[in-house]
Amino acid sequence: MAVSSTRGSHIPGTMTTASYLVTGALVLGVLVSLIVAAKAVDTPMAIHAWLFAFALTFGALAIGHRHFDALETFKKTGETKLGYNDNVVKAGVIATIFWGLAGFLVGCYIAFQLAFPWLNLDLPFTTFGRLRPLHTSAVIFAFGGNALIATSFYAVQRTCRTRLAGDIAPWFVFWGYNLFIVVAATGYLMGVTQSKEYAEPEWYADIWLTIVWVVYLLVFLATLARRKEPHIYVANWFYLAFIVTIAMLHIVNNLAIPESFFGSKSYSLFSGVQDALIQWWYGHNAVGFFLTAGFLGMMYYFIPKRAGRPVYSYRLSIIHFWSLIFLYIWAGPHHLHFTALPDWAQTLGMTFSIMLWMPSWGGMINGLMTLSGAWDKLRTDPVIRMLVVSVAFYGMSTFEGPVMSVKAVNSLSHYTDWTIGHVHSGALGWVGFVSFGAIYCLVPWLWKRERLYSMALVSWHFWIASIGIVLYITSMWVSGILQGLMWRAYDASGFLEYSFVETVAAMHPFYIIRGLGGVLFLIGALIMTYNCWMTIKGRIRKNEPVLAGQSDLPVGAAALPAE
């Protein structure tokens, strides 16, 4: 359903006050970047300053070009019609696919580096230590972040029946966020890192991300404020919680003092065990609110929309939301069992982690039961199958996480590959599959195609990627438990039975299996990329059935909650 409106007496294409202010801010940013580039005390800072200068210059020119094109169109037609802002969503979908391929490829490479160390190539840019944060940031923040921004911009417009707030602001969020990704990624390759898990970018990148994220929050809030629906759909609650909480986590965890305003190095405001606690308060809740709450918003929109069914229980979704939001924020200390953190804090983190089990499974049940009356679609629609299996992985990961937070289990699992298997069961099975399902929904909807190029290719993607996930997580479960048992094995004299080198050698076959699993997942993503590309070009494979839900239907029963 399109939304049409006019801008009153304002002539489209003419520069508004906001346009002038944004352009002025970008020009000021260019000047600051050039000064920093000239006075930079290290090469990475100089490179990044020039990168900012070129990007901000491009942004200022793009604003002028955008208004010029709009003015020319207005002169020819004499009117303007504003529907949903889907162009920025299209850009987000393309960026999601691109960064996904990049992140999965680097992940496969570093997986094989652990099995075959010669793949480090004895080059500083290709070592595991530099490529590993590149992989995690590319998959979590580049792939996952672009998926969240694109789907949140799409869903909030449809469920509020209004255009996305702002003209320049949504594009600033998209391009600004991807500029942050490029700065972070190039920084990792040059060895620029503050050595915090999932928070490696240095101080200047963090400041830029804060600016972008605040604009993202304002765009989302302004869109909700101008909604034409009195009800705020539950997906928007999860998206909003993700945006607000990530802003708080990011700012607090990245409080730092730069060594020089013209250098890339900084020092954390916290030290010792306080720094560790703040880091894992951030680290666990980056998982909780970025990789869980945000993608639950995706689940609550795309599963009902694709299935053509209302959410199973609106009341359960509200209980799910508030209990998850309250409990998740306290669970971070379970990452610091058997450390200098006070024992009561460790126990607190463990307790809240176990309590998280129930709201997480409440959300899983709500997602699965949304298919009540439409279970046959699991057989006929591979996109629904992918979305539902993602919810199943969410349930499995949120069962395994609380179990691993128990001190008796954690003493075996911590610092082993079991944790890697747990993280990837959530990252590949939950985050990956729900994002793939959303992309398969969005591509024909956004580009106004009758359906996807090939549903058979979606099925191939599903099964190949599923086999890859199973190979990955089972190999890591076995290798992790084996590691834990070997590390704690003692001989009759009380000495360690195995040297560390022996434990590393024992992992070799499992690392090969893990790498092969990652390759299969990457192949699935390549199939998806081809399928989406052909869909965008307007191609359709013949002799394939047309399924309900492939065209972009008006927001109706599929988007309204059930009591």
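FYI, side chains are in, hydrogens and waters are out, and symmetry mates aren't considered; it's all heavy atoms of this structure. Keep in mind it's a predicted model, so treat the numbers as computed, not measured. Along the sequence shown, the residues carry numbers beginning at 1.
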Please work out whether the ring planes of [X] and [Y] are parallel, tilted or perpendicular, with thresholds of 30° and 60°.
{"X": "Y394", "Y": "H320", "result": "tilted"}
{"X": "H337", "Y": "H334", "result": "tilted"}
{"X": "W280", "Y": "Y198", "result": "perpendicular"}
{"X": "Y154", "Y": "F302", "result": "parallel"}

Please list, chain by chain and in numerical order, all residues satisfying salt bridge (Lys or Arg N to Asp or Glu O under 4.0 Å) with R132, sequence neighbours excluded. E197
Residue list, salt bridge (Lys or Arg N to Asp or Glu O under 4.0 Å) with K196, at least two apart or on another chain: D275
Any residue meeting ring-ring contact (aromatic ring centres under 6.0 Å, His included) with F104, in chain and number order, not counting sequence neighbours: F143, F521
Measure from the side-chain N and O atoms of [X] to the backbone N and O of [Y], and report whether any donor-acceptor pair falls under 3.5 Å.
{"X": "Q346", "Y": "P333", "value": "no"}
{"X": "R449", "Y": "T535", "value": "yes"}
{"X": "T245", "Y": "F242", "value": "no"}
{"X": "H424", "Y": "I420", "value": "yes"}
{"X": "N366", "Y": "V311", "value": "no"}
{"X": "S137", "Y": "L134", "value": "no"}
{"X": "S390", "Y": "F433", "value": "no"}
{"X": "K377", "Y": "A307", "value": "yes"}
{"X": "R385", "Y": "R379", "value": "yes"}

Positive for ring-ring contact (aromatic ring centres under 6.0 Å, His included) with [X], one of [options]:
{"X": "Y216", "options": "Y239, F172, Y177, F153", "answer": "F153"}
{"X": "F141", "options": "W213, W99, F180, F290", "answer": "F290"}
{"X": "F238", "options": "F295, F220, Y300, F289", "answer": "Y300"}

Kindly confirm or rule out a cation-pi arrangement of R163 over Y84, judged by NZ or CZ under 6.0 Å from the six-membered ring centre and within 45° of its axis? no
If you measure from [atom1] on [X] to [atom2] on [Y], what distance do you get to the nearest 0.5 Å?
{"X": "I527", "Y": "C532", "atom1": "CD1", "atom2": "SG", "result": "12.0 Å"}
{"X": "I464", "Y": "L520", "atom1": "CD1", "atom2": "CG", "result": "7.0 Å"}
{"X": "M350", "Y": "S405", "atom1": "CE", "atom2": "OG", "result": "7.0 Å"}
{"X": "W533", "Y": "I97", "atom1": "CH2", "atom2": "CD1", "result": "11.0 Å"}
{"X": "H335", "Y": "L341", "atom1": "NE2", "atom2": "CG", "result": "12.0 Å"}
{"X": "R226", "Y": "L164", "atom1": "CZ", "atom2": "CG", "result": "8.0 Å"}

Decide if atom CH2 of W330 counts as having more than 12 heavy atoms of other residues, nucleotides or ligands within a radius under 6.0 Å. no
Report the C-alpha distance between L371 and I303 in whole Å, list the side-chain angles of each, state the deciding distance to 0.1 Å, and finish with yes or no for side-chain contact (heavy atoms from CB on, under 4.5 Å). CA-CA 8 Å; L371 265 74; I303 288 183; 3.8 Å; yes
Is it the case that [X] and [Y] place a side-chain donor and acceptor less than 3.5 Å from each other?
{"X": "T210", "Y": "H250", "result": "yes"}
{"X": "N253", "Y": "Q279", "result": "yes"}
{"X": "T159", "Y": "R227", "result": "no"}

Minimal non-hydrogen separation, P201 against Q194, with atom names: O-NE2, 3.2 Å
Between H135 and V106, which heavy-atom pair has the shortest distance, and what is it? CB-CG1, 3.8 Å
Are the aromatic ring centres of W430 and F393 under 6.0 angstrom apart? no
side-chain contact (heavy atoms from CB on, under 4.5 Å) assessment of Q157 paired with V89: CA-CA 11 Å; Q157 294 184 88; V89 182; 4.3 Å; yes
Cut-off 3.5 Å, no hydrogens considered: what does the side-chain donor-acceptor table look like for residues 356-364, sequence neighbours left out?
unit_1	atom_1	unit_2	atom_2	d
S360	OG	L356	O	2.9
W361	NE1	G395	O	2.9

Among all residues two or more places apart in sequence or in another chain, which pass the side-chain contact (heavy atoms from CB on, under 4.5 Å) test with W477? M396, E400, W418, I473, T474
With sequence neighbours excluded, residues passing side-chain contact (heavy atoms from CB on, under 4.5 Å) with A427: none
Is there a ring pair (Phe, Tyr, Trp, His ring centres under 6.0 Å) between H284 and F352 once you walk through the steps? CA-CA 12 Å; H284 186 77; F352 275 90; over 10 Å; no
Would you please test H461 and Y440 for side chain to side chain donor-acceptor pair (under 3.5 Å) and show each step? CA-CA 11 Å; H461 178 193; Y440 280 129; 2.7 Å; yes
side-chain contact (heavy atoms from CB on, under 4.5 Å) evaluation trace for S454 with R539: CA-CA 9 Å; S454 172; R539 306 286 181 83; over 6 Å; no
Test side-chain contact (heavy atoms from CB on, under 4.5 Å) on V383 and L452; report intermediate values, then the result. CA-CA 10 Å; V383 176; L452 283 166; 4.2 Å; yes
